[in-house]
*Asks:* 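Next up is a structure, given as structure tokens.
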Number of protein chains: 4
Amino acid sequence: MIKDTEQERSQVRRQRILDAATQVFTRKGYRDAGMEDIAVEAETSKGGLYFHFPSKQALFLQLLDRMTALFIERTESAIAGEPDPVARADAALRVVIHTFATHRGLTRLFLVEALGAGPEFSAKMLGIHTQFTALIRRHLDDAVTQGAIAPLDTAVAAQVWFGALNQIVTCWALSESPGPLEETYPALRVLLLRSIGVEVDAAHR
Amino acid sequence: MIKDTEQERSQVRRQRILDAATQVFTRKGYRDAGMEDIAVEAETSKGGLYFHFPSKQALFLQLLDRMTALFIERTESAIAGEPDPVARADAALRVVIHTFATHRGLTRLFLVEALGAGPEFSAKMLGIHTQFTALIRRHLDDAVTQGAIAPLDTAVAAQVWFGALNQIVTCWALSESPGPLEETYPALRVLLLRSIGVEVDAAHR
Amino acid sequence: MIKDTEQERSQVRRQRILDAATQVFTRKGYRDAGMEDIAVEAETSKGGLYFHFPSKQALFLQLLDRMTALFIERTESAIAGEPDPVARADAALRVVIHTFATHRGLTRLFLVEALGAGPEFSAKMLGIHTQFTALIRRHLDDAVTQGAIAPLDTAVAAQVWFGALNQIVTCWALSESPGPLEETYPALRVLLLRSIGVEVDAAHR
Amino acid sequence: MIKDTEQERSQVRRQRILDAATQVFTRKGYRDAGMEDIAVEAETSKGGLYFHFPSKQALFLQLLDRMTALFIERTESAIAGEPDPVARADAALRVVIHTFATHRGLTRLFLVEALGAGPEFSAKMLGIHTQFTALIRRHLDDAVTQGAIAPLDTAVAAQVWFGALNQIVTCWALSESPGPLEETYPALRVLLLRSIGVEVDAAHR
DNA sequence: GATGAATGAGCATTCATTCAT
DNA sequence: AATGAATGAATGCTCATTCAT
């Protein structure tokens with residue numbers, strides 16, 4: 001009985017720490033963020049941090065995992081609703097752009113900090129990129145199988161899609177005074193679809 | 001006369017330091033590279049480093065500038081030889097991929113380390129990305145003007161091209177056991193050209 | 001009735017903690033042993049430890065006291081059985097060496113760790129040494145009184161005996177691959193007895 | 001030319017650090033002494049310490065080595081002046097006791113702190129003990145060879161001598177209000193010599 | 001110009017101890 | 001009695017930078 005409350009409290013604390021870490025890492029970058037900063041932001045103590053997470057690295061990695069899961073999940077569920085391969089691509093693109101657009105800080109953390117924070121993180125990020133590209137590729141392969149698009153090197157195509165998106169989002173995240181990220185969607189959509197041989201017209205909109 | 005010799009000597013020293021810094025940064029990454037390491041590699045002393053460069057950051061930034069200039073120059077000169085816009089894109093793509101392919105360490109430094117090394121570096125890298133995308137865009141605009149391709153949002157297209165390339169090269173640079181980077185060229189070429197409405201066939205090869 | 005059971009339970013717990021502490025301190029040394037380790041070994045919690053003992057130091061000190069009492073008691077009872085002073089020395093020597101020989105970990109803890117663990121422990125150990133030397137001295141004085149040995153500075157003699165034993169045992173405890181400690185007994189016996197003017201021959205064996 | 005001065009200065013600094021370390025380690029013990037404390041005592045900075053010594057451990061070990069060398073050297077030279085084996089033992093005993101007597105702080109550091117400061121130090125101290133015992137044993141063997149004393153287990157005898165001395169000195173070093181260490185010399189002398197079969201009388205005094 | 005000794009702020013991590021439950 | 005989450009002071013070590021020589 002009491003246990004429930006305690007576990008709850010512990011979870012709340014843990015969550016508070018994760019949120020604080022997100023804030024601080026976003027604000028200062030991985031290397032420049034101190035555990036002290038995070039502890040203060042989480043209204044706890046350094047020892048408290050280490051009770052919940054074994055190290056700074058583990059804390060950051062945890063963050064990356066949470067975010068990755070969120071992205072994959074959102075993308076998958078956006079895709080799930082659409083039967084037509086091209087519409088799927090559309091939906092995925094839209095949801096990804098929208099997710100990034102509403103979390104600029106997280107985006108910078110995810111696309112910029114995490115890459116350069118050290119070999120362990122590069123490796124992790126490479127893994128995450130690979131997961132995403134695999135997801136894209138799977139659906140491109142489906143599209144080919146269904147005859148929706150002509151056969152092509154889906155591995156490279158997936159990388160092109162991911163990279164293009166990545167680039168646009170990264171620039172937006174780093175820009176001093178960025179416009180709305182969503183505005184790039186229409187043009188991007190046309191280009192990416194055309195790259196896999198889908199000529200976009202009114203029919204697909 | 002003597003002055004010339006002295007200046008020469010100084011330049012040689014400076015160059016030696018830049019080379020050493022390239023080695024060490026490539027080997028260890030920006031944060032983990034120590035000024036001591038660089039001094040040793042350059043066969044000089046820490047004081048010597050600080051005579052030629054005001055700070056570690058400035059030294060690294062200098063390196064980025066050198067590398068950027070080299071890339072831009074190579075790309076421009078590869079383009080310069082080709083009259084046809086599409087052939088130009090081809091040439092540029094080929095030379096960029098080849099340059100990366102022959103310097104894996106530098107590539108990692110450039111595309112991965114430099115991004116996450118801190119706000120000043122992110123900003124610098126954003127600038128470099130912008131330079132490149134501007135270069136691409138200029139030529140896309142030319143192609144549109146010359147009627148080689150149909151009008152399109154060249155800003156986004158340039159980002160797509162750059163991002164796609166970036167992604168493919170970064171994955172290759174981070175991969176444990178990467179295949180030859182050049183092998184992706186044909187598929188990438190087709191996709192990128194098609195994305196701007198150029199259907200590739202034997203005529204363009 | 002119930003109280004008895006409760007008190008019993010408490011004593012059991014306390015004992016379990018002392019045993020666990022012995023294990024852990026022996027394994028890791030005083031400074032490197034964590035209260036957490038001890039709690040785990042005792043199958044209780046950190047809070048439980050602090051219910052029974054006010055501090056890490058107190059716990060260790062308690063251990064030292066237990067061990068000292070054990071040693072003194074064993075030595076006294078070994079001595080008690082022998083009427084002849086020289087035979088008493090013999091018996092004491094044998095039992096001490098045997099006790100150490102069968103607890104190498106404890107010995108290291110007792111003779112090495114405890115000395116360097118801080119001023120409080122040095123002081124405690126000094127006290128323990130003093131207890132032992134006093135014990136030895138008392139019996140040497142008896143021997144003098146009984147005319148078994150010629151008068152001598154029994155204070156120094158007791159220290160010599162204790163120190164010699166201490167040295168041999170400590171070296172054995174620290175050695176990487178120690179031989180059987182008991183083997184030193186005959187030679188040690190001759191030396192120590194001779195040092196107080198007892199020439200050893202077959203009659204005393 | 002200038003180099004001489006610089007090297008001198010560096011040596012002075014190094015020496016100042018070693019002296020400071022001796023002070024602080026003696027005052028607080030190994031574990032409780034902070035590098036900060038030593039830096040302050042040496043009127044330098046933490047960085048300065050680490051320029052001259054790679055770690056706290058190395059600094060302490062250096063100290064031990066210096067002291068060991070000093071002891072061995074003094075003992076050897078005291079021995080060198082005496083032809084008669086028994087006189088040698090006398091001389092060695094006297095010089096060792098005198099050396100300890102004039103450095104109570106160092107003695108505590110050497111005999112108490114160093115033993116319990118951790119496995120590396122125990123090992124080191126074991127080595128030092130072994131060096132000393134070997135030295136003693138060598139001379140006991142000589143004495144046997146020369147017929148000055150009857151054959152005996154010199155290995156154990158050397159340990160007995162060293163241990164006895166160790167014990168007496170340690171107790172003195174740890175005592176709150178110690179008397180003059182030298183006063184124990186006559187009684188100790190008689191006991192130790194007698195232990196190896198040398199009956200002391202006026203002739204040897 | 002060059003050297004390298006010196007600086008000192010900064011930082012992740014540990015751990016004995018406390019206390020609300 | 002017992003738990004375990006929370007605390008926070010303590011510490012060895014690093015490293016970009018400075019400056020006397």
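Since the structure is predicted, the reported quantities are computational estimates derived from the model, not experimental observations.
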*Asks:* How would you label the contact of G48(D) with the nucleic acid (heavy atoms, under 4.0 Å): base, sugar-phosphate, or nothing?
*Replies:*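 Base, at least one base heavy atom under 4.0 Å.
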
*Asks:* Whole angstroms only, please: what is the OH-C1' distance between Y30(C) and dA16(E)?
*Replies:*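 My rounded result for the distance is 9 Å.
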
*Asks:* D32(A) CG to dA16(F) P: how many Å, rounded?
*Replies:*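 In whole Å, dA16(F) P and D32(A) CG are 13 Å from each other.
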
*Asks:* Who is the Watson-Crick or G-U wobble partner of dC11(E), with both distances under 3.5 Å?
*Replies:*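 Per the H-bond distance test, dG12(F).
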
*Asks:* Answer with yes or no whether the side chains of Q23(A) and D19(A) bring together a donor and an acceptor at under 3.5 Å.
*Replies:*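 The criterion, which ignores hydrogens and geometry beyond distance, is not satisfied for Q23(A) and D19(A).
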
*Asks:* Given atom OH of Y50(A) and atom P of dA12(E), what is their separation to the nearest angstrom?
*Replies:*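 Going from OH in Y50(A) over to P in dA12(E) covers 6 Å.
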
*Asks:* Y30(B) ring centre to K56(B) NZ or CZ under 6.0 Å, with the angle to the axis within 45°?
*Replies:*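 Judged by the rule (NZ or CZ under 6.0 Å from the ring centre, within 45° of its axis), K56(B) counts as positioned above Y30(B).
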
*Asks:* Identify the heavy atoms of F110(B) and T68(B) that sit nearest to each other, and give their distance.
*Replies:*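 So the minimum-distance heavy-atom pair works out to CZ-OG1, 3.8 Å.
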
*Asks:* With a 4.0 Å cut-off on heavy atoms, is A42(A) in touch with a base, just the backbone sugar-phosphate, or nothing at all?
*Replies:*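 No contact at all - A42(A) keeps every heavy atom at 4.0 Å or more from the nucleic acid.
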
*Asks:* Figure out the CZ/C1' separation between F51(B) and dG1(E), and round it to whole Å.
*Replies:*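 Rounding to the nearest Å, CZ of F51(B) and C1' of dG1(E) are 5 Å apart.
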
*Asks:* Hey, does G47(D) reach any base, or is it just sugar-phosphate, or nothing, if we go heavy atoms under 4.0 Å?
*Replies:*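 Base contact - G47(D) has a heavy atom under 4.0 Å of at least one base atom.
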
*Asks:* Whole angstroms only, please: what is the CD-P distance between E43(C) and dG4(F)?
*Replies:*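 For the pair E43(C) CD and dG4(F) P, the rounded distance is 13 Å.
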
*Asks:* Between dA12(E), dA16(F), dT7(E), which one does the side chain of S45(D) approach most closely?
*Replies:*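 Among dA12(E), dA16(F), dT7(E), the one nearest the side chain of S45(D) is dT7(E).
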
*Asks:* For E36(D) and L49(C), take the nucleotide of DNA chain F holding the closest heavy atom to each; which residue's nucleotide lies nearer the 5' end?
*Replies:*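 Checking each residue's closest nucleotide, the 5'-ward one belongs to L49(C).
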
*Asks:* Go nucleotide by nucleotide along DNA chain E from the 5' end; which of K56(A) and G34(C) gets its closest nucleotide reached first?
*Replies:*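 Looking at the nearest nucleotide for each, K56(A) comes out on the 5' side.
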
*Asks:* For F51(B), does the six-membered ring have the charged nitrogen or CZ of K46(B) within the cation-pi criterion, i.e. under 6.0 angstrom from the centroid and within 45° of the normal?
*Replies:*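 Not satisfied by the 6.0 Å and 45° rule.
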
*Asks:* Measure CE/M35(B) against C1'/dG4(E) and give the value in whole Å, please.
*Replies:*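 Taking atom C1' of dG4(E) as the reference, CE of M35(B) is at 14 Å.
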
*Asks:* Between T44(D) and dT7(E), is there a side-chain N or O to OP1/OP2 distance below 4.0 Å?
*Replies:*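 So the side chain of T44(D) is within the cut-off, an N or O lying under 4.0 Å from OP1 or OP2 of dT7(E).
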
*Asks:* In terms of the nearest nucleotide of DNA chain F, which residue is placed more toward the 5' end: H52(C) or P54(D)?
*Replies:*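 It is H52(C), whose closest nucleotide lies nearer the 5' terminus.
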
*Asks:* How many Å lie between CZ on F60(D) and P on dG12(F), as a whole number?
*Replies:*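 Between P of dG12(F) and CZ of F60(D): 13 Å.
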
*Asks:* Between R13(B) and dA2(E), does any side-chain N or O lie under 4.0 Å from OP1 or OP2?
*Replies:*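 Yes, such a contact exists.
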
*Asks:* Identify whether any heavy atom of A39(C) sits under 4.0 Å from a base atom; if not, whether one sits that close to sugar-phosphate; answer base, sugar-phosphate or nothing.
*Replies:*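 Contact class for A39(C): none.
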
*Asks:* Considering Watson-Crick and G-U wobble pairs with both distances under 3.5 Å, what does dA2(F) pair with?
*Replies:*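 The answer is dT21(E), by the H-bond criterion.
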
*Asks:* Salt bridge check: are R31(C) and E113(C) linked by an N-O gap of less than 4.0 Å?
*Replies:*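 Salt bridge flag = no for E113(C) with R31(C).
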
*Asks:* Expressed in angstrom and rounded to an integer, what is the separation of K46(C) atom NZ from dA20(E) atom P?
*Replies:*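 These atoms are roughly 17 Å apart.
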
